[in-house]
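Structure record follows, encoded as structure tokens.
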Amino acid sequence: MDPRKHPWEDGDIAFLKGVDEFSDAQYRTLVEPGYLRERATKHPVIILEHSPDSKHFLVTTVSAYSSDASNRYRPPWDQPCHSDKTRDDFRAFAGSKRPNDLRPDLQLKEGQSFPKPKTSWVYARNYFVVPASVLKKFGKGPARLQMTQESLKDLKDHMKKVPRFGGRWKHPVVLKMLKASAAMLPSTNISGAPMPRAPPTTPSPTSSREAPGFNPRTVRPSHAATWSAVASGPWPCPA
């Protein structure tokens with residue numbers, strides 16, 4: 001599929017690559033400033049919106065929050081490590097426990113389901129813009145998972161009530177990323193590989209990532225892009 005034409009549709013379920021697959025520029029732009037947390041990567045994400053050129057996408061994670069049969073599918077709002085989150089801003093896909101009866105289950109298209117249907121939650125305050133090159137297909141089957149348009153609209157209507165959601169495309173990190181993308185030279189690469197970048201700025205001498213001989217792929221952990229890896233997670237309190 002040509003990423004310059006139609007990489008993802010709103011409502012698609014994609015997979016956010018791990019930081020070990022980010023370019024150094026992507027890591028510096030998204031992760032180092034704290035805009036995108038490392039533990040939010042290696043998760044399936046919902047494509048909420050796209051930029052006019054479809055090179056950048058607003059996404060939100062779908063997470064199991066370390067919930068499984070061993071803890072009786074304990075939802076995130078009942079976990080101490082998520083006590084700072086607003087219960088009413090969690091959303092559940094059909095099959096997962098709902099935080100309340102205020103809003104309906106989130107729905108995938110007919111006949112589709114997540115690999116872990118009992119542990120698929122979204123937090124409406126968790127969203128970020130990422131370039132197409134850090135997204136890839138989620139799941140093993142040939143078809144993409146997709147939300148129904150009715151369910152996507154319901155989720156977005158919910159998110160529009162979240163503080164600062166109105167500035168989602170105006171965050172300084174996002175504006176910087178979009179500006180850098182606009183400055184890129186035209187590319188003939190249609191494989192989804194990172195596009196050519198503008199010359200990098202002079203590296204900071206205090207940054208460990210810029211130290212001579214630094215190899216980010218020897219530092220960043222690598223895990224398989226599978227739902228089991230997401231559900232178990234290497235972190236005690238996943239995003």
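Starting from 1, each residue takes its place in the sequence as its number. Everything quoted here is computed from the prediction, not taken from an experiment.
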I'd like to know whether Val45 forms a side chain to side chain contact (heavy atoms under 4.5 Å, CB included) with Val62, so could you lay out the CA-CA distance, the side-chain angles of the two residues, the decisive distance to 0.1 Å, and finally the verdict. CA-CA 6 Å; Val45 293; Val62 181; over 6 Å; no
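- Side-chain contact between Ile13 and Leu108: present, with at least one pair of heavy atoms (C-beta onward) separated by less than 4.5 Å.
- Taking all atoms of both residues into account, the shortest heavy-atom contact from Ser133 to Lys17 is O-NZ, 2.8 Å.
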Candidate pair Tyr127 and Glu49, rule side-chain hydrogen bond (donor to acceptor under 3.5 Å, both in side chains), full reasoning: CA-CA 11 Å; Tyr127 54 84; Glu49 297 175 348; over 6 Å; no
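- For the pair Phe114/Phe138, a side-chain contact is recorded, criterion being any heavy-atom separation below 4.5 Å from C-beta on.
- Expressed to the nearest 0.5 Å, how far OG of Ser113 lies from CG of Leu145 amounts to 7.5 Å.
- Looking at Asn71, its side chain does come within 3.5 Å of a backbone N or O of Ser66 through a donor-acceptor pair.
- Between Ser151 atom OG and Asp105 atom CG the span is 8.5 Å, to the nearest 0.5 Å.
- Here the closest heavy-atom approach between residue Ala132 and residue Phe57 is recorded as CB-CE1, 3.7 Å.
- Under the 3.5 Å distance criterion, the side-chain polar atoms of Gln79 are left unmatched by any main-chain donor or acceptor of Ser67.
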Checking Leu16 against Val134 for the side chain to side chain contact (heavy atoms under 4.5 Å, CB included) test, could you report, in this order, the C-alpha distance in whole Å, the side-chain angles of both residues, the deciding distance, and whether it holds? CA-CA 6 Å; Leu16 180 59; Val134 301; 3.7 Å; yes
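- At least one donor-acceptor pair closer than 3.5 Å links the side chain of Arg91 to the backbone N or O of Pro104.
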So Phe93 and Met147, side chain to side chain contact (heavy atoms under 4.5 Å, CB included) or not? Walk me through it. CA-CA 10 Å; Phe93 273 91; Met147 292 183 70; 4.1 Å; yes
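- Counting only distance, with no hydrogens or angles, the side chain of Arg168 and the backbone of Phe165 share a donor-acceptor pair below 3.5 Å.
- Counting only distance, with no hydrogens or angles, the side chain of Thr29 and the backbone of Gln26 share no donor-acceptor pair below 3.5 Å.
- Residue Lys137 qualifies as enclosed at atom NZ: its count of foreign heavy atoms under 6.0 Å is above 12.
- In this structure, Phe90 has its ring center closer than 6.0 angstrom to the ring center of Trp77.
- At least one donor-acceptor pair under 3.5 Å links the side chain of Ser51 to the backbone N or O of His56.
- Residues Leu135 and Trp169 share a single hydrophobic cluster, defined by chaining ILVMFWY side chains whose heavy atoms lie under 4.5 Å apart.
- One distance of note links CD of Gln146 with CD1 of Ile47; it measures 11.0 Å at 0.5 Å rounding.
- Here the closest non-hydrogen pair linking Leu48 and Val59 is CD1-C, 4.0 Å.
- In this structure a side-chain-to-backbone donor-acceptor pair under 3.5 Å is present from Ser96 to Ser120.
- Using a cutoff of 4.0 Å between basic side-chain nitrogens and carboxylate oxygens, Lys116 and Asp68 are not scored as salt-bridged.
- Between Tyr27 and Glu38 there is a side-chain heavy-atom pair separated by less than 4.5 Å.
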Worked verdict on Thr61 versus Asn126 for side-chain hydrogen bond (donor to acceptor under 3.5 Å, both in side chains): CA-CA 7 Å; Thr61 55; Asn126 183 32; 2.7 Å; yes
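- Between Asp89 and Lys85 there is no salt bridge, since no side-chain nitrogen of the basic residue lies less than 4.0 Å from a carboxylate oxygen of the acidic one.
- Taking CZ of Arg72 as the start and CG of Asp78 as the end, the distance is 13.5 Å to the nearest 0.5 Å.
- Cation-pi geometry between Arg98 and Trp121 is not satisfied (NZ or CZ under 6.0 Å from the ring centre, within 45° of the ring normal).
- What you find for His43 and Ser63 is that their closest heavy atoms are NE2-OG, 3.4 Å.
- For the atom pair NZ of Lys176 and CZ of Arg28, the computed distance is 8.5 Å after rounding to the nearest 0.5 Å.
- Side-chain atoms of Gln107 and Leu152, non-hydrogen and from C-beta on, never get closer than 4.5 Å to each other.
- In terms of modelled atom types and a separation under 3.5 Å, the side chain of Tyr123 and the main chain of Thr86 share a donor-acceptor contact.
- Under the 30°/60° scheme for interplanar angles, the aromatic rings of Tyr65 and His82 are found to stand perpendicular.
- Annotation for Pro131 and Met177: closest pair CD-SD, 3.8 Å, computed over non-hydrogen atoms.
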Is there a side chain to side chain contact (heavy atoms under 4.5 Å, CB included) between His158 and Arg103 once you walk through the steps? CA-CA 9 Å; His158 181 172; Arg103 296 181 181 276; 3.4 Å; yes
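- With respect to Glu21 and Lys136, a salt bridge is recorded, a charged nitrogen being found less than 4.0 Å from a carboxylate O.
- Of the possible donor and acceptor atoms, none in the side chain of Asp12 sits under 3.5 Å from a partner among the backbone N and O of Ala14.
- Here the CD1 atom belonging to Ile46 is positioned 11.5 Å from the NZ atom belonging to Lys156, to the nearest 0.5 angstrom.
- When atom types are taken as modelled, the side chain of Tyr35 and the backbone of Val129 share a donor-acceptor pair closer than 3.5 angstrom.
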